[in-house]
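Report on one structure; see the data block that follows.
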Amino acid sequence: MTIAVIKDVLGGKFALGDTVTVRGWVRTRRDSKAGISFINVHDGSCFDAIQAVAPNTLENYNHEITRLTTGCSVMVTGTVAESAGQGQAFELQATAVEVVGWVEDPDTYPMAPKRHSMEYLREFAHLRPRTNISGAVTRVRHCLAQAVHRFFHERGFYWISTPIITTSDAEGAGELFRVSTLDMMNLPRTDDGKVDYKEDFFGKEAFLTVSGQLNVETYACALSNVYTFGPTFRAENSNTSRHLAEFWMIEPEVAFADLDDMAALAEDMLKYVFQAVLNERADDMAFFAERVDKEAISRLQHVIDNKFVHMDYTDAIEILQKCGKEFSYPVAWGVDLQSEHERYLAEEHVGAPVILKNYPRDIKAFYMRQNDDGKTVAAMDVLAPGIGEIIGGSAREERLDLLDQRLEDMKLPKEEYSWYRDLRRYGTVPHAGFGLGFERLVAYVTGVQNIRDVIPFPRSPNNADF
RNA sequence: UCCCCAGUAGCUCAGUUGGUUAGAGCGGUGGACUGUUAAUCCAUGUGUCGUUGGUUCGAAUCCAACCUGGGGAGCCA
């Protein structure tokens with residue numbers, strides 16, 4: 001028995017007349033009174049399902065095959081044949097159809113062979129992988145992840161597995177999820193009544209990481225070109241289509257690099273992974289372009305074909321002030337840009353991803369490198385139309401005296417950063433990096449509007465089912 | 001967390017300016033037809049009208065709170 005994946009059968013890897021067995025799930029069944037049934041079977045190996053043609057001479061035709069419904073699992077053995085019908089080059093002339101698992105009540109199987117809303121599918125996170133759209137998202141997501149690793153590997157970057165648990169509650173941004181083994185009903189207390197974290201698993205307070213950046217900087221200052229690719233956690237009460245409490249982030253960090261090196265790296269990386277998706281997942285991208293977002297393919301091609309627009313924060317402020325558009329929030333040098341401002345720049349002014357650079361120091365994180373003008377830092381955001389900030393990065397302050405000054409200005413506890421400061425005390429080097437939100441990337445590529453639909457099991461405020 | 005909108009059949013939605021028996025398409029089921037392909041045609045069932053409370057002779061319809069979802073904002077990736 002030759003087991004075959006559907007991708008290989010449809011892709012012509014087998015000769016006409018070969019007998020193969022495919023295994024998967026029924027998408028639809030159509031009966032013909034000519035004495036045959038058409039069974040569309042998918043196995044995830046490619047976008048398309050294979051059409052198996054089952055004749056009524058099969059011994060289980062009447063009592064099993066004609067009862068197959070969407071979702072049943074089957075093993076179909078048959079000979080590879082040119083399709084007599086439209087819609088596919090090859091099909092399987094079935095010689096045996098084994099039903100592996102029935103759908104116990106077709107009337108209540110949630111995944112009907114029809115269009116469902118994304119919100120509805122989200123309620124069935126365990127069954128939505130069987131849908132066209134979820135399967136396509138999954139394959140594109142995988143393709144992007146592989147392309148990211150390949151891109152960095154080809155450039156001599158090492159993948160660093162930075163820790164998921166951290167005992168530093170001062171990583172910079174965001175609310176943290178606590179990690180504890182203490183009995184919450186019976187907390188150990190110190191003499192002054194506070195929770196005694198010395199009794200906790202790590203002997204101190206611990207949290208889930210909000211970024212691998214500070215840790216990965218240590219490896220950049222030794223192995224030169226490194227990156228992280230792993231899960232990240234933010235306990236923020238964000239209820240939007242572009243935020244998750246648990247998401248994946250890619251954070252390259254490069255020694256002896258400056259902000260423009262990072263901008264170039266970000267541009268190269270995005271173009272590389274977009275090209276990979278167009279090359280490797282043409283089937284899924286065609287589906288997205290047809291059913292989800294007409295621009296899904298042309299948008300990627302446009303990004304690949306054009307140089308990214310670079311813009312200084314100061315110039316962006318001027319553009320926004322002179323564009324004649326009414327904004328809800330006024331624009332002035334020194335204020336952080338609002339979503340409406342970023343959207344105008346990316347969607348209307350440029351019409352493609354735009355790199356904004358050199359933000360005012362006072363609205364940015366302590367570790368960003370101060371520019372010579374004394375008021376800006378070497379930070380950048382890559383803004384994508386429709387998504388907003390997809391990448392945030394900066395050159396890191398490698399000069400200890402300036403770093404310490406920033407820690408003091410922002411009232412951050414120096415002792416918490418002793419190991420981070422050590423990098424500046426022992427053989428410091430200029431270095432820079434950025435963070436790319438992986439789900440935002442998948443959403444941008446597929447055109448899927450809500451980030452909760454491009455991760456298998458989304459976690460957000462009030463939602464951690466499955 | 002804030003602002004706005006929505007919650008009616010398994011799904012997508014229409015409807016009710018408060019009043020007897022609540023509607024369509026799709027899906028399911030039965031049949032017809034067909035190398036079909038989200039097939040087509042005919043038939044067919046289904047609803048505590050989000051939850052709780054209030055107003056009222058009467059609420060699915062009006063009001064309030066809550067829950068859930070969506071859009072936007074903030075936080076950011």
Side-chain angles (χ1 to χ4, degrees), chain A residues 27-41 48-55 66-67 69-71 81-88 91 93 103 105-124 131-132 172-175 210-213 228 231-251 266 290-291 327-329 336-343 363-365 381-384 387-393 434-444 449-452 455 460-463 465:
Chain A
R27 180 146 281 143
T28 58
R29 189 202 82 234
R30 298 172 296 279
D31 302 322
S32 167
K33 277 299 179 302
I36 50 178
S37 285
F38 301 96
I39 310 164
N40 276 72
V41 179
D48 288 316
I50 194 168
Q51 172 162 283
V53 185
T66 56
R67 286 177 46 226
T69 57
T70 305
E82 281 185 55
S83 180
Q86 306 285 308
Q88 60 279 315
E91 65 187 14
Q93 295 287 346
V103 166
D105 182 0
D107 198 29
T108 60
Y109 180 61
M111 300 293 110
K114 54 164 289 186
R115 193 183 194 97
H116 290 294
S117 67
M118 297 306 282
E119 295 78 29
Y120 174 76
L121 293 177
R122 217 175 288 149
E123 295 173 37
F124 299 94
T131 62
N132 278 330
E175 296 288 310
V210 295
S211 167
Q213 180 202 317
T228 72
T232 306
F233 307 87
R234 304 264 168 101
E236 258 132 31
N237 195 6
S238 298
N239 290 291
T240 79
S241 57
R242 55 191 186 281
H243 288 86
L244 291 166
E246 175 183 301
F247 64 100
W248 286 62
M249 190 153 63
I250 297 148
E251 297 171 289
E290 190 192 323
R291 292 292 180 88
F327 293 113
S328 311
Y329 293 85
D336 213 352
L337 296 180
Q338 303 291 316
S339 284
E340 58 175 347
H341 306 141
E342 295 183 344
R343 270 215 305 276
I363 59 172
K364 288 294 183 181
D381 282 350
V382 179
L383 308 177
I387 303 275
E389 184 180 344
I390 195 167
I391 286 176
F434 64 77
L436 166 68
F438 187 55
E439 283 74 22
R440 288 186 181 177
L441 179 71
V442 179
Y444 182 73
Q449 301 270 314
N450 196 311
I451 200 168
R452 298 175 191 189
I455 189 169
S460 57
N462 245 320
N463 183 12
D465 291 339

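Residue numbering restarts at 1 for every chain, and letters A, B, ... go by the order of the sequence lines. Please read these numbers as outputs of a predicted model, since none were measured by experiment.
- Residue A:Gln51 is classed as a base contact, given a heavy-atom separation below 4.0 Å to a base.
- Within 4.0 Å of A:Tyr120, counting heavy atoms only, lie sugar-phosphate atoms of the nucleic acid but no base atom.
- Here, B:A60 and B:C4 have their C1' atoms 24 Å apart, quoted to the whole Å.
- B:C42 and B:G27 have their P atoms separated by 13 Å, given to the nearest Å.
- Among the atoms of the strands shown, only primed sugar atoms or phosphate atoms (P, OP1, OP2) are found under 4.0 Å from some heavy atom of A:Thr69.
- The separation of B:C11 from B:U34, taken at their C1' atoms, amounts to 27 Å, rounded to a whole angstrom.
- Per the geometry, CZ belonging to A:Arg27 stands 10 Å off C1' belonging to B:A38, to the nearest Å.
- Rounded to the nearest Å, the gap between the C1' atom of B:U51 and that of B:G69 is 15 Å.
- Taking the centre of each ring, A:Tyr329 and A:His341 stay at or above the 6.0 Å mark.
- Residue A:Asp31 is in base contact, counting any heavy-atom pair closer than 4.0 Å across all strands shown.
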For RNA chain B, what string of dots and brackets results from 5' to 3' when Watson-Crick and G-U pairs need both distances under 3.5 Å, crossing pairs get [ ], and pairs with another strand get |? (((((((..((((.....[...)))).(((((.......))))).....(((((..]....))))))))))))....
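- B:U55 sits 11 Å from B:A64 when the C1' atoms are compared, rounded to a whole Å.
- Within 4.0 Å (heavy atoms only), A:Gln93 reaches at least one base atom of the nucleic acid.
- Side chains of A:Thr28 and A:Arg30: a donor-acceptor N/O pair is present below 3.5 angstrom, by distance only.
- Comparing the same atom, P, in B:C57 and in B:A65 gives a spacing of 24 Å after rounding to whole Å.
- Spacing of C1' atoms, B:C13 relative to B:U56, comes out at 30 Å, to the nearest Å.
- When rounded to the nearest whole Å, the span between CZ of A:Phe233 and C1' of B:C76 equals 16 Å.
- The closest side-chain donor-acceptor pair between A:Gln88 and A:Ser83 falls under 3.5 angstrom.
- Atom C1' of B:C41 sits at a distance of 15 Å from the matching atom of B:U36, rounded to the whole Å.
- Atom CD1 of A:Ile36 is separated from atom CD of A:Gln93 by 7.5 Å, given to the nearest 0.5 angstrom.
- Comparing B:G35, B:A77, B:U36 by their closest approach to the side chain of A:Arg30 singles out B:U36.
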Pick out the pairs of N or O atoms, protein on one side and nucleotides 72-74 of chain B on the other, that lie under 3.5 Å.
{"from": "B:A73", "atom 1": "OP1", "to": "A:Arg343", "atom 2": "NH1", "distance (Å)": "2.9"}
{"from": "B:A73", "atom 1": "O2'", "to": "A:Tyr329", "atom 2": "OH", "distance (Å)": "3.4"}
{"from": "B:G74", "atom 1": "OP1", "to": "A:Gln338", "atom 2": "OE1", "distance (Å)": "2.4"}
{"from": "B:G74", "atom 1": "OP1", "to": "A:Ser339", "atom 2": "N", "distance (Å)": "3.3"}
{"from": "B:G74", "atom 1": "OP2", "to": "A:Ser339", "atom 2": "OG", "distance (Å)": "2.8"}
{"from": "B:G74", "atom 1": "N2", "to": "A:Asn237", "atom 2": "O", "distance (Å)": "3.1"}

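- A:Asn132 is not listed as a side-chain neighbour of A:Arg291, based on a closest heavy-atom distance of 4.5 Å or more.
- Residue side chain A:Gln449 does not reach the base of B:G71 through any donor-acceptor N/O pair under 3.5 Å, judged by distance alone.
- Stacking of the aromatic ring of A:Phe247 onto the base of B:A77 is found: the ring centres lie under 5.5 Å apart and the planes are inclined by under 30°.
- A:Ile250 comes within contact range of no nucleotide atom at all, as no heavy-atom separation falls under 4.0 Å.
- As judged by a 4.0 angstrom heavy-atom cut-off over every strand, A:Arg291 is placed among the base-contacting residues.
- Both A:Ala245 and A:Asn462 lie close to RNA chain B; mapped to their nearest nucleotides by heavy-atom distance, the more 5′-ward contact belongs to A:Asn462.
- Residue side chain A:Glu119 does not reach the base of B:U68 through any donor-acceptor N/O pair under 3.5 Å, judged by distance alone.
- Contacts of A:Ile391 with the nucleic acid, taken as non-hydrogen atoms under 4.0 Å apart, involve only primed sugar atoms and P, OP1 or OP2.
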